[in-house]
Amino acid sequence: MTADYLRELLEQDVLEAAPALLGATLVRGERRARIVEVEAYRADDPACHAYKRRTPRVEVMYGPAGIAYVYFNYGVHWMLNIVAHAVDDPAAILIRAAEPIAGIDQFRSSRSVQKLAGLLSGPGKLAQAFDIDGNLNGIDLLDPSSDLHLLPALEPVTRVLKGSRIGIAKGKWEDVPWRFVDDSALEWASRKKV
DNA sequence: CCTACGATTCACT
DNA sequence: GTGAATCGTAGGC
């Protein structure tokens with residue numbers, strides 16, 4: 001898959017683009033990790049930050065597809081999203097978990113944990129391991145010259161598990177199956193059960 | 001201005 | 001399995 005094709009997908013349909021993101025490599029310097037779990041959020045979906053309201057925080061979600069939407073939550077964690085913008089229909093994909101590929105020592109020192117399992121198995125953990133914070137909000141993740149960027153999967157992931165999203169309050173479309181996990185990489189996902 | 005709370009994680013029990 | 005930590009954002013007054 002090429003970056004151009006991935007960007008096209010992101011521009012067209014967040015629900016198609018999200019599973020296509022599985023297997024992509026997230027790169028920052030020496031650090032590399034293979035994305036194994038994502039979630040989709042869409043403007044008509046009550047759990048989406050851009051639901052019915054255009055505020056300064058979500059402004060990047062209205063910008064071009066492929067840029068990073070980074071936000072802080074629980075007063076503790078940064079979250080990395082990729083904007084999947086269709087005209088007048090902002091959407092984003094939350095990167096939830098990845099398999100460490102390279103730069104393991106840097107992941108470890110950023111997270112101060114030793115075990116490989118659990119190093120990147122959650123959106124807050126992943127952001128911490130990559131030293132992602134609000135400074136990266138708005139950068140182009142599909143531009144290889146970006147400090148933090150994404151290399152599309154060479155081959156699409158064949159078996160994709162779909163489940164309901166994590167941490168969604170009742171009444172906010174908590175049951176839509178918009179969480180996508182690479183079945184062959186469950187050990188790196190944030191929770192085993194999908 | 002002031003308050004409530006969230007796309008979570010970790011340390012405990 | 002439960003609860004605390006912790007702060008930017010949004011929304012109400």
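Chain A is the first sequence line, chain B the second, and so forth, proteins listed ahead of strands; every chain is numbered from 1. The structure displayed is predicted, hence computed values, not measured ones.
- For A:Y74, the listed nucleotide lying nearest its side chain is B:dT8; candidates were C:dC7, B:dT8, B:dA7.
- Within the 4.0 angstrom heavy-atom criterion, only backbone atoms of the sugar-phosphate kind lie near A:I166; the bases stay farther away.
- Looking at A:H85 and A:M61, their side chains never come closer than 4.5 Å, going by heavy atoms from C-beta outward.
- Note: OH (A:Y51) to P (C:dG11) measures 12 Å, nearest angstrom.
- With DNA chain B read from its 5' end, the first of the two nearest nucleotides for A:S121 and A:G75 is the one closest to A:G75.
- Residue A:R96 places at least one side-chain N or O closer than 4.0 Å to OP1 or OP2 of B:dT8.
- Within the structure, every side-chain polar atom (N or O) of A:R53 is placed at least 4.0 Å from both OP1 and OP2 of C:dT9.
- Residues A:F72 and A:N137 form no side-chain contact, since every pair of their non-hydrogen atoms from C-beta on lies 4.5 Å or further apart.
- Between the side chains of A:D131 and A:S110, at least one donor N or O lies within less than 3.5 Å of an accepting N or O.
- The OH atom of A:Y69 sits 14 Å away from the P atom of C:dG8 (whole-angstrom rounding).
- Within 4.0 Å of A:R111, counting heavy atoms only, lie sugar-phosphate atoms of the nucleic acid but no base atom.
- Of the side-chain N and O atoms in A:H49, one or more sit less than 4.0 angstrom from OP1 or OP2 of B:dA7.
- Closest of all the heavy-atom pairs between A:A97 and A:S121 is CB-CA, 4.0 Å.
- A:R165 comes within 4.0 angstrom of nothing in the nucleic acid, heavy atoms only.
- When Watson-Crick and G-U wobble pairs are counted only if both distances are under 3.5 Å, B:dG6 pairs with C:dC7.
- Summarising the geometry, the separation between CH2 on A:W78 and P on C:dC7 is reported as 11 Å, rounded to the nearest angstrom.
- Stacking between A:Y41 and B:dA7 is shown: the ring centroid lies under 5.5 Å from the centre of the six-membered base ring, and the planes differ by under 30°.
- The two residues A:L22 and A:F180 make their nearest non-hydrogen contact at CD2-O, 3.8 Å.
- Between A:H77 atom NE2 and B:dG6 atom C1' there is a gap of 11 Å when expressed in whole angstrom units.
- Atom CG in A:D45 sits about 10 Å away from atom C1' in B:dA7, given to the nearest Å.
- Following rounding to the nearest Å, A:I132 (CD1) and B:dT8 (C1') show an atom-to-atom distance of 15 Å.
- Separating the CG atom of A:N73 from the P atom of B:dG6 is a distance of 10 Å, rounded to the nearest angstrom.
- The phosphate of B:dC10 (OP1 or OP2) has a side-chain N or O of A:K125 nearer than 4.0 angstrom.
- Here C:dA10 presents its P atom at 11 Å from CD of A:E59, a figure rounded to the nearest Å.
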